[in-house]
Amino acid sequence: MESDGEDTPPPAAARACGAGHRASHSLPTSAGGRVCLSCAAALLSSAASAPSHHVSHALAALSLALADPAFLAPLRAAHPRLLAAPLAEALAAAAARRDAALAAQASDLAADLAAAVGAPAASDLVARVARALSSGSLVKHLHTLHCLGILLNSTKDAAAYIGDKQSLYLNLVNNLRLPSDEIRGEILFVLYKLSLLNATPWDDICDNDNVDLSAIGRSLLQFSLEVLLKTQNDDVRLNCVALLLTLAKKGAFDILLLSDPSLISSAEAEDNVPLNDSLIILFADAVKGSLLSTNIEVQTGTLELIFHFLSSDANIFVLKTLIDQNVADYVFEVLRLSGNNDPLVISSIQVLSILANSEERFKEKLAIAVSTLLPVLHYVSEIPFHPVQSQVLRLVCISIVNCSGILSLSQEEQIACTLSAILRRHGNGELGMSSETFALVCSMLVEILKLPSADDIQKLPSFIVEASKHAISLTFSHEYDCLFLTPHSLLLLKEALIFCLEGNKDQILRKKVLEDSIIETCETYLLPWLESAIVDGNDEETLSGILQIFQIILSRASDNKSFKFAEMLASSSWFSLSFGFMGLFPTDHVKSAVYLVISSIVDKVLGISYGETIRDACIYLPPDPAELMYLLGQCSSEDFNLASCQCAILVILYVCSFYNERLAADNQILASVEQYILLNGAKFPHEIPGSLMLTLLVHLYAFVRGISFRFGIPHSPEAEKTLFHAMAHKEWDLLLIRVHLIALKWLFQNEELMEPLSFHLLNFCKIFCEDRIVTLSSSTQLVDIQMIAELVYSGETCISSLLVSLLSQMIKESAEDEVLSVVNVITEILVTFPCTSDQFMSCGIVDALGSIYLSLCSSRIKSVCSLLIFNILHSASAMTFTCDDDAWHALTMKLLDCFNSSLAYTSNEQEWKILIGILCLILNHSANKVLIEPAKAIILNNCLVLLMDGIVQEACAKGPSLFQHNQETTFGELLILMLLLIFFSLRSLQAILEASIDWQEFLQYSDDTESSSVLGIPCHDLCRLMHFGPSPVKLIASQCLLELLNRISDQRSCLNAELRCSAKYLKSIIAVTEGMVFDQDSRVAENCGACLTVILGWERFGSREKAVVRESKWSRLILEEFAVALTAPGLTSKSFSNQQKIAANIALSLLQLSQVPDWLTSLFSDSLISGIVANLSARNVTAEIVTLFSELMAKNYLNQEHIAGLHNLFQVCRRQAYEGGGGSKAQPSEQKADAARSSDDVRALLFGMMLEQRACSGATVEMEQQRLLREIDSFFFQESSLREQNSVK
């Protein structure tokens, strides 16, 4: 007993118990009491007859004592085995009495005793409990079985203490037929533990010779499966599955799956070995319930059991039966409901992977359950190196191949998306991937591309773009074993290419992005790999795969893409690479593949006829370039095969010339070609399409000769003579194939070839006139106008003289179509290179064109020739005309005759519009002292003067309605052209009739004097046109008026002549120009402002002019608006800058009058000038403003404060101008045409020329800046002078 005090009393001295047992058996407790082991053992041993509550009390006391260290220590030391036997007897007695509570108490105590005392007690307990269970029915031994299970689980080497393992095992197996789930569960657990401890009959065969293992195994398997089939208890299922799984791993059931065990020896060789169908069916039925369990451990264990059964020696017989029994359906259901539980996913996929070995039976199940695999595929694809990633991929691949009709488009798209994501994430370094996974992904994508419904998968092309690019980049970056992986990525790329090239037009168009991506991939990865293959010596299989892909692109892609791809390959030293491949892999297969690609490149570069020559001779062509040169230099007149090879060699050499590739040195190539010509000149090319090969030979020889001329390589005159003879007497076509510019240049430099080349050049002109381009197979450009134009521009060929000669000849023969063709070609050359006009003029083109206007040519011919004349005049230099003045004069007279004889001024024919343009250009050139006589003929032509008067009078008579006749109308277009003719005639008059012209004649009414004998318009008519006309008419008329007023002013200043017009006439001009100073078109406003300035300057000539100027009211309004604008904020717009210049010039003119108007003095008050100075900045100061302030300073309108402010402002302007950071930036000029192709272009060019001359009369941006700096310097000088004068005073 324990004391009531705080301290526990020391244990009492050992003494015998009341029953007289030995004192050593009385063990103390921490509470101060004692427990007699002998008494406890005696009571437990008599448990069968003793009252249950006594036994229960003893068990409880011992259970408490075992937890007491004071009791446990001596028990372990002195009596470890004393309680084991009685406790086993008590357990057996409780079981016999069916006292479940007492049996559970005894079982728990036995487990505690074994755990507390250790091996001595545990071994005795295991042996006694096992002995109790080794015979008889176990219906009463639920807790005994439980106890043995615990002991086996906790005791080390527990199986060694079991005396008769066989009897125990057999009895346990036999008792599996008991109906109780609890008992069967305990039996299964004990059997499971015995299997783990290797205490089964199969683990000790040598000591069990008389045991029928087959019978035991069959019974165990059957009874266990029946338990598994019938039970609904997950614990029982778990124990049963664990037992079966353990024994399956031992191979205990393999032989039981056969109905005749003697056949097991041949099971691997025969597929028709009979199965023990009842057991297999029982197994299939048994596992179904466990597969549908809600316990994940049960499901996982069951799946592992199925996996090991299928992995046994008998799997080939079992899996078919399991599939027939719908086990696969249950596994798919587990997978569907797994929620991506990783153990369940792994186990399910492992089972399905084995079941998939029976493809015919399994694919039916897979077709139904394929939708279950797709979420699993997505799940495992996101986990690097997932254990069953490859198995899932393989299962999905089987479904794609065998169940394509079952998969929906969305499912197929989902699979493709997942597969491309796998490659993308691996390529981006997000997750790893095994080689097997890579191969499966590529294979699956290939199978998807082969599906009949592939074209209907909307996003498939984009997925394949990504997947193929990553697959190729991974395998060709040498991160993996390329020998294993490269074929898979190349197969994917090849199938993707075939996919995007097949289908109808709309489908192919939708897959265009994929096609472009594949071609880009070939350029980015495959071509560099081939370039490295020459150095690294990579495998032949990969080379063949790449060449096959290239061949598909060249032969099946669209013409444009295949041509660009061929150009890309050829530009990448493909021919040198090709012969390197054949040297590295000297096999017929590689040689055939290489020459096939070369022939396809030739198809695109030259045409299919030339590529065919290589394919025909492929088997005879050597792989060495040196051997090719040797064959070319042989005589082939009697050997068709050799002739075929030589044609192929010529083709290869010629194509190489376009890409700066040489298969041999230039001198060696020239020598071989010359040898070929000399040996085969009589009959070449032998039995080969003559015109094709002779044309190619001509171009190749010309190219080699052109190169050899550059480097001084000697040639054979005899070979040259032989070829020239063939060119003169045999059929060939310069335009048949693509030609190198060097070859074309060499041909047109040889005078001996002028006759045959004239014929070909005329053909070129005809074809160009019809098609405007020269192409073959819609992909390869041949001799084109750019080449011809460049050769003419170089000045090193006779093409220009040939064209002029052809033109003269065709005009003489009245071959209008040919004339039209030649003229169109010359015109196009002039459009391309305007400066070539000088060459054509030096070749006599003016005389040739002049004869057209004497012949009865059609209007169309004359229009085209007139356009050519216009372009020559527009682009030729002035020096060229000095030598051809007579020819131009004759041509001008012919043009005027045509003009006078048949032109109706209302005509809208193209010819007459162009003729007017020609006359304008002749007049424009005369201003530079050339074409004087042609210009005089135009200016003094009476018919032209009358025509002009009639058109002007009709225009003026229209009044306000004239505004509607713009350049889009017939009359408006003719009026604009005539006004342009007047503009150029006014400039010409100044140059050629300066001494005899009285400019004041244009300043009078026609009633006041006789009609003018020269081409021109009076000022009042110009004013009417300015007032009523549309914008283009206003601009040209104002420019003409300004030109006239300047000429009148210059002539009056020179001669000091009086003004002959009336004051009323002058007032009307002033009124019109003043009113148009505010015109929306700034160019018109500037012209009118300049006109007004000129007229204001006439005030110094006489009293009449003074009176007219003083009566002007609009000048005051203009300057008041100007003053308001200068003081307003925001003076940065371009329109304001233009208005500022106009008003500043008018103000300057008024300030320079002999008597400054009073209103002007009051306008420029101190306050206004102060406001203007304060508002100005360096950005909006112009030369006109500076000049105005200089004049205001000279007239004493500025005070010292104004001068100081302006001085500082102009200093800033000057500094910014010198630094390049200030002022107005040059505006980009409008792109103007260099040549005319139509009458509209003629009008536009003339209008542009007028604007250019107007700009030149003003200033360019650079000139404006220089003028501003000069005016600022002048202001500073004037300021300094004024300061000195003030200091002197």
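Not one N or O on the side chain of W732 forms a donor-acceptor pair closer than 3.5 Å with the backbone of L694. Counting only distance, with no hydrogens or angles, the side chain of T969 and the backbone of G972 share a donor-acceptor pair below 3.5 Å. Checking side-chain atoms of N824 against main-chain N and O of C765 turns up no donor-acceptor pair under 3.5 Å. Side-chain atoms of N928 do not come within 3.5 Å of backbone N or O of V930 as any donor-acceptor pair.
Atom CG of L806 and atom CZ of F764 lie 12.5 Å apart (nearest 0.5 Å). Put simply, SG on C865 and CD1 on I869 are 6.5 Å apart, with the number rounded to the nearest 0.5 Å. Distance check, rounded to the nearest 0.5 Å: NZ of K936 to CG of L923 gives 13.0 Å. In this structure, Q809 CD and L762 CG are separated by 8.0 Å, a value rounded to the nearest 0.5 Å. Here the CG-OG1 distance, from N871 to T827, works out to 6.0 Å after rounding to the nearest 0.5 Å. In this structure, the separation between OG on S708 and CD1 on I713 is 5.5 Å, given to the nearest 0.5 Å.
Within the 4.5 Å cutoff, the side chain of K913 has no heavy atoms near those of the R1243 side chain. Residues F768 and I788 fail the side-chain proximity criterion, which asks for heavy atoms closer than 4.5 Å. By the 4.5 Å heavy-atom criterion applied to side chains, L921 and L1246 are counted as neighbours. The shortest distance between side-chain heavy atoms of F748 and L802 falls below 4.5 Å. Taking 4.5 Å as the limit, every side-chain heavy atom of I799 sits out of range of all side-chain heavy atoms of L757. Counting only heavy atoms from C-beta outward, the side chains of C656 and L653 never approach each other to under 4.5 Å. Within the 4.5 Å cutoff, side-chain heavy atoms of L606 are placed close to those of V655. In this structure, L944 and L919 have side chains that are in contact, with non-hydrogen atoms separated by less than 4.5 Å.
Across every non-hydrogen atom of D1081 and S1031, the tightest pair is OD2-OG, 3.5 Å. Here the shortest heavy-atom pairing between M754 and N750 reads CE-O, 2.7 Å. For A887 against D847, the heavy-atom pair with the smallest separation is CB-OD1, 3.5 Å. Listed here is the closest heavy atom pair of F984 and M1249: CZ-CB, 4.1 Å. When every heavy atom of S1038 is checked against every heavy atom of L1035, the shortest pair comes out as OG-O, 2.8 Å. Between T892 and P934 the shortest heavy-atom distance is OG1-CB, 3.3 Å.
Remark: aromatic rings of W888 and H925 are distant, center separation not under 6.0 Å.
Taking a 6.0 Å sphere around OH of Y793, one finds it holds 12 or fewer heavy atoms contributed by other residues, nucleotides or ligands. Counting non-hydrogen atoms of other residues, nucleotides and ligands closer than 6.0 Å to CD of E813 gives a total above 12.
Salt bridge status for K894 with D897: absent, with no side-chain N to carboxylate O gap under 4.0 Å. Between R738 and E567 a salt bridge is recorded (basic side-chain N to carboxylate O distance below 4.0 Å). A salt bridge does not link E790 to K745: none of the charged nitrogens lies less than 4.0 Å from a carboxylate oxygen.
Aromatic ring orientation, W746 versus F724: tilted (interplanar angle from 30° to 60°). The aromatic rings of H699 and Y654 sit parallel, their planes meeting at an angle under 30°, below the 60° perpendicular limit. Taking the six-membered ring where tryptophan is involved, the planes of H874 and F870 are essentially parallel, since the angle between them stays under 30° and well short of 60°.
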> Should F840 and L803 be marked as a side-chain contact (heavy atoms from CB on, under 4.5 Å) after you check the CA-CA gap, both sets of side-chain angles, and the distance that decides it?
Replying inline: CA-CA 9 Å; F840 285 108; L803 287 170; 4.1 Å; yes
> N1087 and L1041: side-chain contact (heavy atoms from CB on, under 4.5 Å), yes or no, with the steps?
Replying inline: CA-CA 8 Å; N1087 286 339; L1041 180 62; over 6 Å; no
> Yes or no on side-chain contact (heavy atoms from CB on, under 4.5 Å) for S988 and N924, after CA distance, side-chain angles and deciding distance?
Replying inline: CA-CA 7 Å; S988 177; N924 183 60; over 6 Å; no
>> C798 vs Q749, test: side-chain contact (heavy atoms from CB on, under 4.5 Å). Steps then yes/no.
In response: CA-CA 7 Å; C798 57; Q749 285 176 333; over 6 Å; no
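Looking only at atom types and distance, the side chain of E1043 has no donor-acceptor partner in the side chain of Q1039 under 3.5 Å away.
For the side-chain contact (heavy atoms from CB on, under 4.5 Å) criterion with C920, the lone passing option out of L977, L873, L1245, L981 is L981.
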